[in-house]
Amino acid sequence: MKHPKNIFLVGPMGAGKSAVGRHLARTLQLTFVDSDDEIESRTGVDVAFIFEKEGEDGFRKREAAAIDDLTRSDGVVLATGGGAVVKARNRSNLAGRGFVVYLYTSVDQQVARTRKGRIRPLLENDDPRGTLEELLQQRDPLYREIADLVVDTDGRKVHSVASEIIESIS
Ligand code: S3P
């Protein structure tokens with residue numbers, strides 16, 4: 001097999017990490033995993049409930065444990081949560097155990113793509129756009145620090161982003 005054993009997708013909320021990840025896993029015959037899903041299946045509750053009961057700190061501890069375990073696998077495409085890069089331990093596990101792809105997404109696109117779907121606790125406030133702007137400013141350098149590849153997802157369909165990733169790894 002020419003392509004890397006593991007592909008780890010990082011990027012902000014609304015980057016399309018899960019959709020692109022599922023597509024990549026199907027095409028490359030790898031196993032798709034998602035750190036938020038893993039946390040939810042381990043705890044039996046959703047991410048919003050964990051934030052409510054344990055705060056962001058509690059969630060980040062669970063996220064770090066899930067990422068540590070999931071990155072030890074072979075042959076996975078992992079979609080991480082948007083804040084996974086904040087902890088140095090996660091950055092080192094991701095960078096050291098697979099090929100990291102940063103799905104760059106403008107704030108406009110993030111706003112559009114996060115309007116519907118599941119609850120994102122960090123955006124449950126009066127100014128979700130302002131939050132996304134601030135988070136991107138803080139996190140963009142961290143995504144880039146560990147990325148082997150940066151792909152711009154703006155205005156693009158899932159299969160087009162996935163094809164660019166496949167071309168650059170094969
Ligand atoms: C978060 C992103 C979410 C989820 C949690 C916190 C963040 O995942 O992990 O709500 O800090 O950006 P997605 O990026 O899949 O929405």
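Start at 1 and go down the list; that is how both ligands and their atoms are numbered.
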J.: Can you sort out the partners of Glu54 under side-chain contact (heavy atoms from CB on, under 4.5 Å), two or more places apart, ordered by chain and number?
T.: Ile50, Arg62
J.: What about Gly82: any of its N or O atoms under 3.5 Å from an N or O on ligand 1?
T.: yes
J.: Which part of Arg113 is near ligand 1, with near meaning a heavy atom under 4.0 Å away: side chain, backbone, both or neither?
T.: neither
J.: Do Thr105 and Thr153 have side-chain N/O donor and acceptor atoms under 3.5 Å apart?
T.: yes
J.: Examine distances only and state if a side-chain atom of Glu40 and a backbone atom of Val47 form a donor-acceptor pair shorter than 3.5 Å.
T.: yes
J.: Between Thr131 and Asn125, is any side-chain donor less than 3.5 angstrom from a side-chain acceptor?
T.: yes
J.: Between Gln110 and ligand 1, which part of the residue brings a heavy atom under 4.0 Å of the ligand: side chain, backbone, both or neither?
T.: neither
J.: If you count the atoms of ligand 1 from 1 in the order shown, which ones are under 4.0 Å from a heavy atom of Arg120?
T.: 16 (O)
J.: Would you mind finding which of Val47, Val10, Leu103, Thr80 brings a heavy atom closest to atom 5 (C) of ligand 1?
T.: Val47
J.: Pull out every atom of ligand 1 sitting under 4.0 Å from any heavy atom of Phe59, numbered as shown with elements.
T.: 9 (O)
J.: What part of Leu122, side chain, backbone, both or neither, has a heavy atom within less than 4.0 angstrom of ligand 1?
T.: side chain
J.: Hey, could you give me each pair passing ring pair (Phe, Tyr, Trp, His ring centres under 6.0 Å) that has a residue in residues 9-57? Not counting sequence neighbours.
T.: Phe51-Phe59
J.: Just by distance, no angles: are the side chains of Tyr102 and Asp148 close enough, under 3.5 Å, to form a donor-acceptor pair?
T.: no
J.: Given Arg60, Glu63, Glu56, which has its nearest heavy atom closest to atom 6 (C) of ligand 1?
T.: Arg60
